[in-house]
J.: 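First, the structure itself, so that you have it in front of you.
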Protein chains: 2
Amino acid sequence: MNLSSRDLRAFLALVEERNFTRAAARCHLSQSAFSTLIRSIERDLGARLFDRTTRTVETTPEGRLFEASARRALAQFDALVEDFRGYATRARGRVAVAALPSLAAGWLPGVMTAFRAAHPGIDLELFDVLSDQCLALVRAGRADIAVAAAAPQEPDLQVEALCADRFHLVCPRDHPLAAQESVRLKDLTGYPFVHLARTSSVRQHLEAAAHPGPMRPVFEVEQLPTVRALLEAGFGISVVPALTLFHFRSPRLVVRPLRAPGITRRIFLVRLRGRSLSIAAQGLYDLMRARKPATGAAAR
Amino acid sequence: MNLSSRDLRAFLALVEERNFTRAAARCHLSQSAFSTLIRSIERDLGARLFDRTTRTVETTPEGRLFEASARRALAQFDALVEDFRGYATRARGRVAVAALPSLAAGWLPGVMTAFRAAHPGIDLELFDVLSDQCLALVRAGRADIAVAAAAPQEPDLQVEALCADRFHLVCPRDHPLAAQESVRLKDLTGYPFVHLARTSSVRQHLEAAAHPGPMRPVFEVEQLPTVRALLEAGFGISVVPALTLFHFRSPRLVVRPLRAPGITRRIFLVRLRGRSLSIAAQGLYDLMRARKPATGAAAR
DNA sequence: CACACTTACGATATTCGTAAGGATT
DNA sequence: AATCCTTACGAATATCGTAAGTGTG
């Protein structure tokens, strides 16, 4: 038993037209093919649906019975296809992204704005959490895509480099280091240093590159705006990646690139391995790649 | 866009099996044909539904989305077909019959009992009304079949003779006419006569055959049981068709055939012309023809 | 190298349209 | 005579299965 939406459409066309020739035209079929089609439907269903004389076409009682059900079934069918097409054409959908707070505040909003402009029907969800949580969200299926720094070689995740985020010194305008065009890691030695919490990716990169490190910690805080406030108040200096520099645009502070090739924070796009992204998510993924974060001097 | 129930079944088979070979077997297809089928579904829908490596088959996010809808649609599809098949195979249905009271009380119950035994799922409806109302019910679509006496040549009705109902004299056992094996119309002259109401088909036939008639009316009543009671009480004689004789089985009464070839009440099966009966109704119609009322001497 | 999906390709079936046939108004 | 559905039949198309190809574990 195989009944198609086309069969239902043909049946309903004939119910409405009560005329094979016109109904056939509506179905883009020759009258002869249409006649055969109706006959095959009747054969499949095991009952005549139409009484036909050469002059009139009438539905049988069974035809009238079938009509109501056929309409319902076809309507659901069409709704199903249309709904699905909505997702397939990115007219509808949902994408959840987990991103580092720095990216969630700096780079991502622009990307998401562009995406929303192109696909206003797609719901966007954003988690601004640290790298480990980003990955956990992807693993749990709560996020389609993670934009994270830590990218271990895990077998269940597919990782793609997005950009390399270079570090910069931030210090008060009147600080001795502000006189240099750029600074080296060892130049920082001895200056009071404002650290981020150990859980942040920035801190982890710094410690990995400069252990035990030349920094002389005076504060250890969680949020970058706090760092900025402390620097503006003259409590010391700090080092942050380029993608967070937007926090430090201030007349009282200056930014200097850190000449330390080994210390770059690599940012990755992460997704589940072996499972394709939803069409909506793939669209955002592609857009992220096309609009990679601007890092380095240009972002100063 | 043409999606068939077979397509949905194939899709769901693959969702459940996550293996082309097994899913193909479930659909009675070669693995190759099945692969092509899935691909054509994906093409029609405009999105991939499965991620396939050579070793694993997984649904895409869109595939999972489609699954729920596909199950619903297929369930409705199957219900539609199964429901319809119920009607087509006479497992379900409804038939309404309008019949003359005499037939509704005498002959029809046996026919309907046989029909119900064969098709217990079909609802039966019976109107026991006079001929004109029988025809009106058929015209109004409230009855599928009428079993009536009056059968004018009307263009909207299709009429088929069912039987010829011959008339019989009924009189008290000790009545002079009881001595005869059979009687002629003119034999009735002068005897007190119990009539049925003018609206009954019996009366109309009698008047047409014997106007102004040899009868000497003493009563004009509506119901045959009343006639019987009057005859048993000795108020006169009457003439009724064979199919009503079951009302007159009484030790005080006798029945004698009326030798009057012109006077027979013809009983007809009536239905709308040009519209086929429902399958259920056609079944009852055929059974009625196969079990025509027994008339004449045999029914005495 | 064994398994599993895809691709190639010839065979088979189905479906299609033109044209002729038959019935009704 | 005109209209409308069915049937006939050759052609185009689709579908199927066998078998070879390809990638993965």
Side-chain angles (χ1 to χ4, degrees), chain A residues 1-45 47-60 63 153-158 272-276, chain B residues 1-45 47-60 63 153 155-156 158 272-276:
Chain A
M1 178 67 247
N2 182 28
L3 203 57
S4 69
S5 56
R6 178 167 165 273
D7 293 336
L8 294 183
R9 253 180 275 276
F11 166 75
L12 291 173
L14 186 52
V15 166
E16 284 160 21
E17 297 286 353
R18 301 193 176 283
N19 175 301
F20 273 66
T21 308
R22 287 196 300 274
R26 244 170 71 169
C27 296
H28 310 289
L29 276 175
S30 76
Q31 188 274 328
S32 138
F34 188 83
S35 175
T36 311
L37 178 60
I38 294 293
R39 201 153 12 108
S40 79
I41 297 170
E42 290 179 329
R43 178 176 42 74
D44 284 353
L45 286 174
R48 291 179 64 92
L49 299 169
F50 297 95
D51 278 329
R52 18 215 198 278
T53 71
T54 54
R55 302 303 282 185
T56 65
V57 177
E58 293 291 333
T59 56
T60 61
Q153 292 286 72
E154 311 225 19
D156 59 336
L157 296 180
Q158 180 173 329
L272 286 179
R273 180 183 300 278
R275 301 182 84 172
S276 61
Chain B
M1 177 67 247
N2 182 29
L3 203 57
S4 70
S5 56
R6 179 167 166 272
D7 294 336
L8 295 182
R9 253 180 275 277
F11 166 76
L12 291 173
L14 186 52
V15 167
E16 283 160 23
E17 297 285 353
R18 300 191 176 284
N19 175 300
F20 273 66
T21 308
R22 288 197 300 275
R26 243 170 72 170
C27 297
H28 310 289
L29 275 175
S30 76
Q31 187 274 326
S32 142
F34 188 82
S35 175
T36 310
L37 178 59
I38 294 293
R39 200 154 13 107
S40 78
I41 296 170
E42 290 179 328
R43 178 178 41 74
D44 284 354
L45 287 174
R48 291 178 64 92
L49 299 169
F50 297 94
D51 278 329
R52 24 225 202 267
T53 71
T54 55
R55 305 297 283 182
T56 66
V57 178
E58 293 290 334
T59 56
T60 61
Q153 292 285 73
D156 59 336
Q158 181 173 329
L272 286 180
R273 179 183 300 278
R275 300 181 85 171
S276 63

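Below, read A as the first sequence line, B as the second, and so on, with proteins coming before strands; counting in each chain starts at 1. Given the structure is predicted, the values throughout are model-derived calculations rather than measurements.
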J.: Classify Arg52(A) by what it touches in the nucleic acid, base, sugar-phosphate, or nothing, heavy-atom distance under 4.0 Å.
T.: sugar-phosphate

J.: Within less than 4.0 Å of OP1 or OP2 of dG17(C), is there a side-chain N or O belonging to Ser30(A)?
T.: yes

J.: Between Asp44(B) and Asn2(B), is any pair of side-chain heavy atoms under 4.5 Å apart?
T.: no

J.: Got a sec: does the CZ of Arg22(B) have more than 12 other heavy atoms crowding it under 6.0 Å?
T.: yes

J.: In sequence, state the C-alpha distance, the side-chain angles, and the governing distance for Asp7(B) and Leu37(B), and then conclude on side-chain contact (heavy atoms from CB on, under 4.5 Å).
T.: CA-CA 8 Å; Asp7(B) 294 336; Leu37(B) 178 59; 3.4 Å; yes

J.: Side-chain contact test, heavy atoms from C-beta onward, threshold under 4.5 Å: evaluate it for Leu272(A) versus Leu157(A) and give yes or no.
T.: yes

J.: If the condition is side chain to side chain donor-acceptor pair (under 3.5 Å), which residues does Arg52(B) pass it with, not counting sequence neighbours?
T.: Glu42(B)

J.: Over all strands shown, is Leu37(B) touching base, sugar-phosphate only, or nothing at heavy-atom distances under 4.0 angstrom?
T.: nothing

J.: Please confirm whether the backbone N or O of Pro155(A) pairs with a side-chain atom of Arg273(A), one donor and one acceptor, at under 3.5 Å?
T.: yes

J.: Nearest whole angstrom, please: distance from the P of dA23(C) to the CZ of Phe20(A).
T.: 17 Å

J.: Round to a whole Å and report the spacing from CZ of Arg48(B) to P of dT6(C).
T.: 8 Å

J.: Taking the nucleotide of DNA chain D with the closest heavy atom to each, which residue, Thr54(A) or Thr36(A), is nearer the 5' end?
T.: Thr54(A)

J.: For the side chain of Asn19(B), counting heavy atoms from C-beta on, which of dC16(C), dC5(C), dA2(C) is nearest?
T.: dC5(C)

J.: Phe34(B) has an atom CZ; how far is it from atom P of dT6(C), in whole Å?
T.: 10 Å

J.: Using a 4.0 Å heavy-atom cut-off across all strands, classify Ser32(A) as base, sugar-phosphate, or nothing.
T.: base

J.: Tell me: CD of Glu17(B) to P of dA4(C), nearest whole Å?
T.: 12 Å

J.: When the distance from CG of Asp51(B) to C1' of dC5(C) is rounded to whole Å, what number comes out?
T.: 14 Å

J.: Are any of Arg22(B)'s side-chain N or O atoms less than 4.0 Å away from OP1 or OP2 of dA4(C)?
T.: no

J.: More 5' along DNA chain C: Ala33(A) or Arg55(A), using each one's nearest nucleotide?
T.: Ala33(A)

J.: Counting only N and O atoms by type, is there a donor-acceptor contact under 3.5 Å from the side chain of Thr59(B) to the main-chain atoms of Phe50(B)?
T.: no

J.: Taking any heavy-atom pair under 4.0 Å as a contact, classify Arg6(B): base, sugar-phosphate, or nothing.
T.: sugar-phosphate

J.: Could you give the start and end, 5' to 3', of the contact zone on DNA chain D for chain B, using atoms under 4.0 Å from its heavy atoms?
T.: dC16(D) to dG25(D)

